[in-house]
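Sequence lines set the chain letters: A, B, ... in the order given, protein chains first and strands last, and positions in each chain run from 1.
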Amino acid sequence: MKTIAHALFLTLLVSMTAVSSGYGTDKVLNLYIWSEYIPEQVLADFTKATGIKVNLSTYDSNEAMYAKIKLVGKGYDLVVPSSDYVGLMRRQGLLLPVDAKKISNFGMIAPQFVNQSFDPGNAYSVPYMWGSTALAINTTLLPAETVRSSADLWKPELKGKLLLPNDPREVMGLGLKVLGYSVNEKNPDHLRQAYEKMRTLMPSVRVFDSDSPKQALLSGEVAVGLVWNGEAYTANNENKAIQYVYPPEGFTLWLDSFCIPRGAANVEAAYRFIDYVLQPQVSATISKSMGYSSPIAKVSEFLPAEMNNNPIVNPSPQDATRGEFLDSLDEATLKLYEQYWVKLKTR
Amino acid sequence: MNDSTLFRRLLIGSTCAWITLLALIPFLMLVAASFLTRGTETLVRPEFSAANYLHLLSPTVFSMAVDSTVLAAGAALGCLLVGYPFAMILAQASPRAQSLLLLMVMIPFWTNSLIRTYALVMLLKADGILNNLLVGSGLIAEPLRLMYTPLAVFIGLIYTLLPFMILPLYAALKTVDPRLLEAGRDLGAGPLQTFWRITVPLTMPGIIAGTMLVFLPALGMFYVSDILGGARTMLLGNYIRDQFLVFRDVPMGAAASVTMTVAMGLLLLLYYLASRRSGRELVQ
């Protein structure tokens with residue numbers, strides 16, 4: 001069964017490369033981006049403005065995108081990895097260097113999003129959208145004061161009412177932050193402590209879900225969830241009782257960035273697309289329709305007041321400083337994560 | 001060479017080429033990878049190691065394999081209990097009703113099983129159709145806790161795999177000679193006794209085939225337990241996916257995958273031997 005799926009996957013990869021390399025250059029951009037991450041309208045407007053046709057392919061995990069770029073390499077001109085995968089792909093030489101001089105709007109990006117540890121000097125990446133992973137609480141099921149910090153998740157009244165992401169980095173990251181460590185911690189002792197801490201949280205966990213955690217929150221299956229702010233934003237729009245808390249212990253920040261893979265055929269088109277999307281009004285359109293935060297400094301001028309004043313999309317500076325970007329992990333640390341992840345999920 | 005042999009050779013040749021290219025070669029690549037070491041730059045480093053297989057024997061991984069087996073066996077048993085009565089009704093219905101009922105078994109099967117699993121979420125969730133119906137009719141006061149429970153996983157697996165059980169059972173029941181049942185009754189057997197001593201033994205090949213056809217895919221259907229069970233327990237399928245996609249440990253994922261394939265192959269071999277034996281017994 002597995003073999004056949006694997007075989008089909010490989011054929012799919014091969015055939016997709018064959019199809020996409022059949023197009024001419026420069027009048028086409030092969031964009032490979034997270035699903036539901038860019039509005040159709042923005043792509044249509046870009047084509048109207050530049051004459052470049054956009055072929056859109058989507059992925060729903062960094063790992064899937066990474067595997068394709070690593071194993072096939074060709075066929076895509078622009079990818080949008082998260083910060084840890086920018087670090088990984090940069091270190092493995094899978095990306096072309098980005099020449100910031102070719103991007104006239106590069107200066108539009110707010111200073112707190114450039115020159116991060118996963119890509120010093122932004123030599124390989126240009127920020128696209130960012131956000132946080134923090135706590136969403138359904139206040140009709142639990143009084144808001146029950147959960148004010150990550151440590152509150154261990155309270156007995158949350159038993160069987162908690163949602164965590166189905167993602168080892170986020171789950172271990174929660175344990176690390178509660179213990180006062182960095183989410184990019186490599187010290188095996190600290191990781192073991194984080195695992196043991198998380199182990200004690202397992203009776204509270206009802207579900208692990210990274211695909212659509214808002215469903216479980218909205219239907220009242222869980223009372224509290226560790227979710228992306230985009231999910232919390234949509235949930236809050238449907239039900240104002242769902243509130244978002246930035247825990248005092250700290251939380252993870254995510255930043256997805258444009259990168260040009262080594263095998264890109266239409267590099268010029270990729271630069272033009274990046275430059276187009278960095279315009280404040282375009283970035284505002286994307287932010288508005290997707291609920292994620294834009295890294296562009298002047299974007300607030302183009303956003304409605306309810307978004308600018310919404311702490312889910314736009315955390316206060318004192319909240320934002322407690323956030324930490326995920327960086328990639330080395331193999332030995334990854335092996336520890338694997339063991340702890342399996343242990344957390346088996347009896 | 002005349003046209004029909006040419007056509008036959010082309011057909012057989014292309015099927016063989018298809019299987020070799022898309023199933024055999026990838027599988028051999030997996031087998032090869034499972035004995036190698038992981039590498040940072042190339043995913044796999046050409047350095048022999050049996051450590052991956054030894055790691056599969058570690059207590060945590062082993063207990064996960066046991067969990068998966070128990071779940072798949074439970075799904076197979078559930079399908080048998082639901083499928084057998086249905087197949088009996090089906091086999092005894094009028095020809096027109098039979099084709100209609102068979103169509104009703106098959107139609108949901110044409111929809112992607114992932115989509116059907118999401119549809120079950122709509123049915124089972126706290127504010128879903130089933131709970132709204134039960135609460136609305138006053139039968140229960142609080143919504144039932146169905147989603148993210150082992151029960152939901154069983155419902156999902158049984159629903160998805162039921163046709164695999166019904167069809168072989170139906171085929172086996174159709175071949176049961178009604179005169180044998182009459183003879184049993186004439187010799188004084190009650191309905192239960194005729195069922196246990198005539199129908200069940202005669203349909204044993206169908207029971208075994210259906211159980212295999214449910215059990216084997218159930219071992220790999222990790223998305224059902226992820227979506228309906230809340231991904232709380234890790235199953236073999238999750239483990240293999242995580243190795244390839246999350247932890248990027250291709251040799252480890254390959255070793256787990258090869259072990260699972262070999263175990264399934266052994267089960268199929270057992271099935272083949274069992275069906276040959278029961279076939280021989282029938283002849284005798």
Side-chain angles (χ1 to χ4, degrees), chain A residues 1-11 14 61-67 70-71 88 91-94 141 160 163-169 202 205-212 215-216 218-222 328-331 333-347, chain B residues 21-27 29-30 38-43 58-61 63-64 67 121 125-128 131 143 145 147-149 216-217 219-221 226-227 229-249 252-254 256-258 260-261 264:
Chain A
M1 232 39 206
K2 225 50 221 172
T3 333
I4 297 170
H6 193 71
L8 284 174
F9 177 58
L10 285 176
T11 343
V14 173
S61 71
N62 279 306
E63 293 82 13
M65 177 273 305
Y66 169 80
K70 175 121 192 159
L71 296 176
L88 178 75
R91 288 183 189 116
Q92 297 195 347
L94 295 175
L141 297 176
L163 176 146
L164 292 182
N166 196 14
D167 177 328
R169 284 302 299 274
M202 285 305 116
V205 182
R206 177 112 193 267
V207 45
F208 290 94
D209 187 358
S210 304
D211 292 330
S212 188
Q215 300 276 3
L218 284 168
S219 62
E221 297 280 359
V222 295
S328 67
L329 299 174
D330 58 283
E331 256 174 52
T333 312
L334 213 53
K335 194 75 196 162
L336 285 178
Y337 265 79
E338 186 245 294
Q339 282 165 18
Y340 290 143
W341 185 238
V342 176
K343 277 188 186 169
L344 279 179
K345 284 197 167 193
T346 42
R347 269 165 286 132
Chain B
L21 191 69
L22 298 181
L24 190 65
I25 293 178
F27 182 68
M29 282 162 70
L30 267 188
R38 75 183 296 191
T40 320
E41 296 307 314
T42 45
L43 294 177
S58 70
T60 33
V61 181
S63 77
M64 178 193 66
D67 284 352
V121 175
K125 62 182 186 175
D127 60 348
N131 271 316
R145 225 176 145 94
M147 273 301 286
Y148 314 123
T149 61
L216 298 180
L219 273 181
M221 282 190 145
D226 274 6
I227 295 170
R232 289 222 31 185
T233 40
M234 185 171 281
L235 302 177
L236 272 173
N238 302 90
Y239 183 74
I240 293 171
R241 180 203 53 189
D242 283 357
Q243 293 307 319
F244 280 107
L245 293 180
V246 180
F247 301 110
R248 300 190 299 277
D249 193 341
M252 190 64 235
S257 187
V258 167
M260 194 165 147
T261 313
M264 287 178 165

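Here the side chain of A/Lys345 pairs a donor or acceptor atom with the backbone of B/Ala231 at under 3.5 angstrom.
Across every non-hydrogen atom of A/Leu218 and B/Asp127, the tightest pair is O-OD2, 4.4 Å. Closest approach of A/Val342 to B/Met234, counting heavy atoms only: CG2-SD, 3.8 Å. Heavy atoms only, all atoms of each residue included: A/Ser219 and B/Ala126 are closest at O-CB, 3.5 Å. Here the shortest heavy-atom pairing between B/Tyr148 and A/Arg206 reads CB-O, 3.8 Å.
For the pair B/Arg232 and A/Phe208, the NZ or CZ position fails the cation-pi test of under 6.0 Å to the six-membered ring centre and within 45 degrees of the ring normal.
One finds the CG atom of A/Asp211 at 8.5 Å from the CG atom of B/Asp226 (value rounded to the nearest 0.5 Å). The distance from atom CG of B/Asn238 to atom CG of A/Asn166, rounded to the nearest 0.5 Å, is 7.5 Å.
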Checking side chain to side chain contact (heavy atoms under 4.5 Å, CB included) for the pair A/Glu338/B/Gln243: CA distance, chi angles, key distance, verdict?
CA-CA 8 Å; A/Glu338 186 245 294; B/Gln243 293 307 319; 3.3 Å; yes

Given side chain to side chain contact (heavy atoms under 4.5 Å, CB included), test B/Arg38 with A/Leu334 step by step and report yes or no.
CA-CA 12 Å; B/Arg38 75 183 296 191; A/Leu334 213 53; 4.0 Å; yes

If you apply the rule side chain to side chain contact (heavy atoms under 4.5 Å, CB included), what do you find for A/Glu331 with B/Arg248, and how did you get there?
CA-CA 9 Å; A/Glu331 256 174 52; B/Arg248 300 190 299 277; over 6 Å; no

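In this structure, the side chains of B/Asp249 and A/Lys335 come closer than 4.5 Å at one or more pairs of heavy atoms.
Looking at A/Leu88, only its side chain comes within 4.5 Å of chain B, counting heavy atoms on both sides. At a 4.5 Å heavy-atom cutoff, the contact between A/Thr346 and chain B is made by side-chain atoms alone.
For the set A/Val205, A/Asp209, A/Leu164, the entry with the most heavy-atom pairs within less than 4.5 Å of chain B is A/Val205.
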